[in-house]
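Hydrogens, waters and symmetry mates are skipped; everything else that's a heavy atom, side chains included, is used.
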Amino acid sequence: MGGKTQKTASAAAKTAAKKTASKNNDSRTTAKSSATVKKSAEAKKTVAKTEKTPAKSMVKAVPAKKHAVKDYDESQIKHLDALEHIRLRSGMYIGRLGDGSNQNDGIYVLLKEVVDNAVDEFIMGYGNRIDVEVIDNRVKVRDYGRGIPLGKVVECVSEINTGAKYNDDVFQFSVGMNGVGTKAVNALSSYFRVVSVRKGECTEAVFERGKLVSQHTGRLKNKQPDGTYFEFVPDVDVFGKYSFNMEFVEKRIWNYAYLNTGLTLRLNGQDYKSDNGLFDLLNKEIEDTCLYSIGSYQGEHLKFAFTHTNAYGETYFSFVNGQYTSDGGTHLNAFKEGFIKGVNDFFQSSFKSEDIRDGIAAAVLVKVKDPVFESQTKNKLGNTDIRAWIVSEVQSGLDDWLHKNSKEAQLLKEKIEHNEKLRVELASVKKLVKEAAKKNSIRIEKLDDCRFHLDDGPKGENSMIFITEGQSASGVMTHARDSNYQAIFSLRGKPENMYGKKQSDIYKNDELYQLMMALGIETSVENLRYSKIVIATDADNDGFHIRNLVMTFFLGYFEELITSGRVWILETPLFRVRNKKENIYCFSEEERDKAQAKLGKNCETSRFKGLGEMNPSEFKQFIAPETIHLTPVEISQLKVIPQLLAFYMGKNTPERRKFIENNLLSNSEIDV
């Protein structure tokens, strides 16, 4: 099953099930030992962190007020300077805000923008060390490059489209090419300080929320090496309450080390350095799960490493000039094409692309002089002129490695032939299942579809499908949803545990086959019909168990859906606190306690146990784009998946029984 996948290389380490455990604590269910709960060492490898779309996590039911429309005349025209515009429209520059619980939240983008500049200096041959400190939400970054020209320090951090990245003689393979990076950091920080050191002199500038507070230039009393120092504190007025997850930060620092051999990054006193680049990255991600020794190639403008595992689908880590491109782009497509051509040429065969790529894990780095990214956050490369030379170089580099490593070449061939055999076997099963499905019904019975889908372009970018538990929840959501982009698929209860089953078995399971058809992935994940797959189950033991069963299904057979960031969990309120004037919906016991304190001792508190308990008008706000709470299901490393599934979804091992006994809650510990 070939799929367009990007491994979330910068994800944290814990597990999606650990997020479920925290939710379990909120609801105070009696069995903290449920398969949903996770505290073991393996559990610390994978995690789903909560993304809160609204600025505040307690959602209030407040009727919208109508504002009088003012006359549209000259007095209504406003002018914003560059940094004011960044603060007002921050999403255009950093993609999203968030509270630090998701690897893509804005505070990590601010850190990236500053470190990128330091890495650019290293790429150009200046400085081989970068010091980074992240303590108490204050970030400090010191590089040992050339330093910003002293007379242009203020302009380079405060004026849009100002910088040396436009000059090919100064920066040839830079990540930051649009002159916005440090300006966005400046604008979105409550405190921002920059110091440039050049030949014994320095210039210091201090800003608050993008406004220059002080500026000094002079000679240094004590000699220091040239370079630039940045210090900033992300503004709580913009990001709300936030905190840096150091696992996310460490992952980013490791990526910088993998992509820049010879560079040492020191994070909070600890050094991060890689001698083998992408080989080290891939080795750490999959370790002993690879079927043959990791192959690698290092050219002047292209580097890649690859191997295969027994997992289904494809996993890629792709980078451009050191920038992680989570959505791939032309460089990744060219790598795939070159890899297929290289394999077929070497073996003098005509293997199908899906047989060659199924189970592949690869890391790709390309250096491009003028990268064209599809957004400010640089998730996808758009350059079309690089395809031909990447295809050719991948093909040549792979051919050379296969000739030098005959044992690994034979293992690769055996893997491809095994994939081919499975594909033929699976095709016959799919044919029988499809014929049976046609006889029963053309329509997918459990699907209430939406109007726009992923292949509808911009109209389908927000499309999502909710996988719900039973008809009562589906009924509420069907009446509360926006039918333009929100679809509903209803499970009849607990689906079958597919851990350890053959791939062909999932096509013989009627309910899971219907789910695959609803998603459009029964043939290939490339045909996925929705931007987001949202698991929406009740906040009780049964709901958490169903959630785990669905995630086991995806992790076992459609891993790409999770590694590419398509799978999410819907968070719904656990409590409603109200008085005669106000309703407050709370997603945790802490929020409940705050709401009770706010509304007073005469307030009424209700506990929600299932989605079906809410009426559609009440539930609508919890799936509206402005107020929906979604938790992304994330994986840090491929190698943890087999252990996690075996421990939590496999046979009842003594280790799991011991875990349950050690973590079972007593009645006195349960808050009802």
Enquirer: Please enumerate all residues that pass salt bridge (charged side-chain N to carboxylate O under 4.0 Å, His left out) together with Asp542, with sequence neighbours excluded.
Expert: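 Applying salt bridge (charged side-chain N to carboxylate O under 4.0 Å, His left out) to Asp542 gives Lys494.
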
Enquirer: Could you check if a side-chain atom of Leu447 sits within less than 4.5 angstrom of a side-chain atom of Leu515, using non-hydrogen atoms only?
Expert: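 No; the side chains remain at least 4.5 Å from each other.
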
Enquirer: Donor-acceptor check, side chain of Ser531 to backbone of Met464, threshold 3.5 angstrom: yes or no?
Expert: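 Side chain of Ser531 to backbone of Met464, a donor-acceptor pair under 3.5 Å: no, none is there.
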
Enquirer: Are Glu559 and Arg566 close enough for a salt bridge, meaning some N to O gap below 4.0 Å?
Expert: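 Answer for the salt bridge query: no.
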
Enquirer: Just by distance, do the side chain of Ser463 and the backbone of His453 share a donor-acceptor pair under 3.5 Å?
Expert: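 No.
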
Enquirer: Under 30°, 30 to 60°, or over 60°: which ring-plane class applies to Tyr108 and Phe244, parallel, tilted or perpendicular?
Expert: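 Because their plane-to-plane angle is over 60°, the rings of Tyr108 and Phe244 count as perpendicular.
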
Enquirer: Ignoring hydrogens and geometry beyond distance, is a side-chain donor-acceptor pair present between Tyr530 and Asp449 at under 3.5 Å?
Expert: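 Checked: Tyr530/Asp449 side chains pair up, N/O donor to acceptor below 3.5 Å.
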
Enquirer: Between the side chains of Thr631 and Glu571, is a donor N or O closer than 3.5 angstrom to an acceptor N or O?
Expert: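 Their side chains do contain a donor-acceptor pair, which is all the 3.5 Å distance test asks for.
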
Enquirer: Measure the OG-CG distance between Ser483 and Asp448 for me, rounded to the nearest 0.5 Å.
Expert: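 Spacing of OG (Ser483) from CG (Asp448) equals 10.0 Å.
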
Enquirer: In terms of side-chain heavy atoms, does Tyr316 have a donor or acceptor partner in Glu314 at a distance below 3.5 Å?
Expert: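 Judged by distance alone, the side chains do pair up.
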
Enquirer: Check whether Tyr242 reaches the backbone of Asp105 with its side chain - one donor and one acceptor, N or O, closer than 3.5 Å.
Expert: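 A pair under 3.5 Å: no.
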
Enquirer: Could you tell me whether a side-chain N or O of Thr468 sits under 3.5 Å from a main-chain N or O of Ala536, the two making a donor and an acceptor?
Expert: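 No, Thr468 side chain to Ala536 backbone: no donor-acceptor pair under 3.5 Å.
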
Enquirer: Are the side chains of Phe619 and Gln621 in touch, meaning some heavy atoms are under 4.5 Å apart?
Expert: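 In short, these two side chains do not touch, never coming nearer than 4.5 Å.
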
Enquirer: Would Thr315 and Glu560 count as a side-chain hydrogen bond (donor to acceptor under 3.5 Å, both in side chains) here? Give the steps.
Expert: CA-CA 7 Å; Thr315 300; Glu560 306 101 304; over 6 Å; no

Enquirer: Distance under 6.0 Å and angle within 45° of the ring axis: does Arg592 meet both against Phe575?
Expert: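 Yes, a cation-pi geometry holds between Arg592 and Phe575.
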
Enquirer: Quick check against the 3.5 Å criterion: does Asp358 have a side-chain atom that pairs as donor or acceptor with the backbone of Gly313?
Expert: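 Looks like yes, one N/O pair under 3.5 Å.
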
Enquirer: Nearest 0.5 Å, what's the CD1-CE distance between Ile535 and Met551?
Expert: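 These two atoms lie 5.5 Å from each other.
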
Enquirer: Hey, does the side chain of Lys415 reach the backbone of Thr309 with a donor-acceptor pair shorter than 3.5 angstrom?
Expert: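 Here the side-chain-to-backbone pair exists.
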
Enquirer: How long is the gap from CE on Met517 to CG on Leu512, to the nearest 0.5 Å?
Expert: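 The CG atom of Leu512 is 13.5 Å from CE of Met517, to the nearest 0.5 Å.
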
Enquirer: Would you find a donor on one side and an acceptor on the other, under 3.5 Å apart, between the side chain of Asn419 and the backbone of Asp355?
Expert: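 A pair under 3.5 Å: yes.
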
Enquirer: Is a donor on one side and an acceptor on the other found under 3.5 Å between the side chain of Thr627 and the backbone of Phe622?
Expert: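 Pair absent, no side-chain N/O of Thr627 close to backbone of Phe622.
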
Enquirer: Under 4.0 Å between a Lys/Arg side-chain N and an Asp/Glu carboxylate O for Glu469 and Arg547?
Expert: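 Here Glu469 does not pair with Arg547 in a salt bridge, since their nearest N and O are not under 4.0 Å apart.
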
Enquirer: Got a second to check how far Asn310's CG is from His418's NE2, nearest 0.5 Å?
Expert: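 Result: 6.5 Å between the selected atoms.
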
Enquirer: Start with the C-alpha gap between Glu354 and Lys336, add the side-chain angles, then the distance that decides, and say whether salt bridge (charged side-chain N to carboxylate O under 4.0 Å, His left out) holds.
Expert: CA-CA 11 Å; Glu354 56 263 45; Lys336 295 177 183 179; over 6 Å; no

Enquirer: Taking only residues two or more places apart in sequence or in another chain, which ones pass ring pair (Phe, Tyr, Trp, His ring centres under 6.0 Å) with Phe553?
Expert: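 Partners of Phe553 under the ring pair (Phe, Tyr, Trp, His ring centres under 6.0 Å) test: Phe558.
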
Enquirer: What is the distance from atom CE of Met477 to atom NZ of Lys620, rounded to the nearest 0.5 Å?
Expert: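 That separation rounds to 13.0 Å.
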
Enquirer: May I ask you to decide whether Arg578 forms a salt bridge with Glu582, counting only side-chain N to carboxylate O separations under 4.0 Å?
Expert: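 Not counted as a salt bridge, because no side-chain N and carboxylate O are separated by less than 4.0 Å.
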
Enquirer: Does the Gln486 side chain pair with the main chain of Ile623, one donor and one acceptor, at a distance under 3.5 Å?
Expert: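 Between the backbone of Ile623 and the side chain of Gln486 there is a qualifying donor-acceptor contact (under 3.5 Å).
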
Enquirer: Can you tell me how far CD1 of Ile584 sits from SG of Cys586, rounded to the nearest 0.5 angstrom?
Expert: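 It is 6.5 Å, given to the nearest 0.5 Å.
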
Enquirer: So, does Gln514 use its side chain to make a donor-acceptor pair with the main chain of Asp510 at under 3.5 Å?
Expert: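 No: the side chain of Gln514 does not pair with the backbone of Asp510.
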
